[in-house]
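Worksheet for the structure shown next.
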Amino acid sequence: MPEGHTLHRLAHTLDRAFAGTTPRVTSPQGRFVAGAALLDGRACEGAQAWGKHLFVTFVGERILNVHLGLIGVFDVLRYAAGPGLAVPAPPAVGAVRMRLLTDEWVADLRGATVVEVVTPEQQAATLARLGPDPLRAGEPGQDPARSLAKLARTDRSIAELLMDQSVLAGVGNVYRCEVLHRHRVAPFTPGRLVKASTWLELWDDLVDLMPLGVAFGQIITLPEQVEEAQALLAPVRADGEAQASGEPAAYVVDWQGGAEGERGRGRGRSKRPAYEVVSPLPREYAVYKRTGEPCPRCGARVRSQVVAGRTLYWCGRCQRRR
DNA sequence: GTTTAATGGGTAT
DNA sequence: TACCCCTTAAACT
């Protein structure tokens, strides 16, 4: 279920699980056997995400590149309470393209559109094609002003531009619908008519919102939920130990929630292991997937339309073009 | 048992 | 704009 927040959370979890270890790398399903052999038995140096692209680096400049696409899933589970306990690894269920395994952690990848081993040069080429990532705001090159020149000379709609990863990296269909609604932006406004200030407001909002998505493992955009999520994070952010550890504070909730690693209620013959992310917040949105229902702000019916193969949702009244 | 939808994106037309 | 790839599970028959 991948927008940028999913990949950044995953990068962090994989980094915590495998950096500094030498995992076994296999392809139970058999479609990544050659690639897995290139990584098997090599020490893992770490994992990072840019937009929706995930990279796991191994010694010898071998980099695992994963893109989950629409339906890809990368399940990371701590199946043993500690290293060296000789707990049997869980069986690979379903179409597991690649498995990373230590005596403590297992990570199963399914359904991804891109799984390949790349060189640092190839990684750089991929990154060069990406626009700024709100989850990397403040880092060199991650500047929303970069996108303004593109906006100024295109008739493509703002809804389309938000999904263009070379304009903005990491936003997908849910974040685009919701952030446009939050700012009352008419989705079909051509890029050249979007004010620079509006673009920067959208960016700033995503910079605030997306870390909540990372921290809670779900997209949070309803104003009251954003407030609640920020309140839940506040004490964690203030935690001295977390600060000292150098971890991005927004990730810390995942320690306390024990998100990955808690076994949930299995449903019999499921093709995926059943562990659940524990989140205090129900999955609710203002407009996404709410066609015909009332806009939570003005009560008008939410509209939807397929745009270039993706369903766009918006409120016809408060996002009316002016 | 079969069809469909899902928070993506590439390539052909 | 259409079609293709990846996989699962819920919603249909």
Side-chain angles (χ1 to χ4, degrees), chain A residues 1-10 27-32 35 49-54 65-75 92-99 107-116 122 125-127 129-131 133-135 156-157 159-182 187 206 209-210 212-214 216-222 225 264-277 279 281-291 304-314:
Chain A
M1 332 295 211
E3 292 191 29
H5 69 295
T6 302
L7 282 301
H8 280 262
R9 181 185 175 91
L10 201 44
S27 179
Q29 171 219 45
R31 296 185 52 175
F32 187 61
W50 282 265
K52 299 171 188 170
H53 298 256
L54 174 68
N65 176 209
V66 172
H67 195 296
L68 293 179
L70 183 58
I71 61 172
V73 178
F74 207 166
D75 289 312
V93 186
V96 177
R97 183 98 54 86
M98 184 195 65
R99 162 170 279 201
D108 285 342
L109 176 66
R110 299 174 173 82
T113 50
V114 175
V115 188
E116 56 185 4
Q122 290 172 307
T126 297
L127 298 185
R129 278 183 246 116
L130 296 179
D133 179 348
L135 284 169
R156 293 162 66 210
S157 69
E160 202 183 332
L161 292 164
L162 279 175
M163 293 279 279
D164 181 338
Q165 301 298 297
S166 72
V167 172
L168 198 59
V171 168
N173 203 20
V174 181
Y175 273 119
R176 85 150 164 189
C177 294
E178 294 293 305
V179 80
L180 286 173
H181 179 263
R182 283 170 62 87
L206 290 166
L209 292 174
M210 294 184 76
L212 300 179
V214 176
F216 290 87
Q218 75 186 53
I219 294 173
I220 297 167
T221 53
L222 287 181
Q225 289 197 341
R265 297 153 296 197
R267 285 264 313 276
R269 294 169 281 299
S270 172
K271 297 248 174 111
R272 282 180 62 200
Y275 33 92
E276 295 170 6
V277 170
S279 169
L281 301 167
R283 225 182 88 164
E284 290 168 12
Y285 307 111
V287 290
Y288 179 71
K289 274 204 172 171
R290 294 194 61 243
T291 308
S304 63
Q305 184 181 317
V306 175
V307 181
R310 317 287 316 194
T311 309
L312 172 72
Y313 303 84
W314 78 100

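A, B, ... follow the sequence lines: proteins, then strands. Residue 1 opens every chain.
- A:L162 places its CG atom 17 Å from the C1' atom of B:dG9, with the value rounded to the nearest Å.
- In this structure, A:D75 and A:R110 have side chains that are in contact, with non-hydrogen atoms separated by less than 4.5 Å.
- Between A:K289 and B:dA6 there is a side-chain N or O to OP1 or OP2 distance below 4.0 Å.
- When the P atom of C:dC4 is taken as reference, atom CZ of A:R310 falls 18 Å away, rounded to whole Å.
- Nucleotide B:dG9 holds its C1' atom 13 Å from the CZ atom of A:R176, rounded to whole Å.
- The gap from the P atom of C:dT13 to that of B:dA5 amounts to 13 Å, rounded to the nearest Å.
- Close to B:dG9, at under 4.0 Å from its OP1 or OP2, lies a side-chain N or O of A:H67.
- Taking atom OH of A:Y313 as the reference point, atom P of B:dA5 lies 10 Å away to the nearest angstrom.
- Checked by atom type and distance alone, the side chain of A:E284 never pairs as donor or acceptor with a backbone atom of A:I220 at under 3.5 Å.
- Aromatic pair A:Y285/A:H181: centroids not less than 6.0 angstrom apart.
- Side-chain N or O atoms of A:R310 include none that pairs as donor or acceptor with a backbone N or O of A:E160 at under 3.5 Å.
- One atom, CG of A:N173, and another, P of B:dA5, lie 15 Å apart when rounded to the nearest Å.
- Atom P of nucleotide B:dG8 and atom CG of A:L7 are separated by 10 Å, given to the nearest angstrom.
- Remark: the separation of the C1' atoms in C:dC6 and B:dG1 is 23 Å, to the nearest Å.
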Distances for protein N or O near nucleotides 5-7 of chain C N or O, under 3.5 Å:
from, atom 1, to, atom 2, distance (Å)
C:dC6, OP1, A:R31, NH1, 3.1
C:dC6, OP1, A:R31, NH2, 2.8
C:dC6, O3', A:R97, NH2, 3.0
C:dC6, O2, A:G111, O, 3.3
C:dT7, OP1, A:Q29, NE2, 2.2
C:dT7, OP2, A:R31, NH1, 3.2

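- For A:E3 (side chain) and A:I219 (main-chain N/O), no donor-acceptor pair under 3.5 Å exists by modelled atom type.
- Judged by distance alone, with hydrogens and angles left aside, the side-chain atoms of A:R31 form no donor-acceptor pair with the main-chain N or O of A:S27 at under 3.5 Å.
- Side-chain atoms of A:N65 do not come within 3.5 Å of backbone N or O of A:E116 as any donor-acceptor pair.
- Taking atom P in both B:dT13 and C:dC5, the straight-line distance is 14 Å, to the nearest Å.
- Remark: P of B:dG8 and CG of A:L10 are 15 Å apart, rounded to the nearest angstrom.
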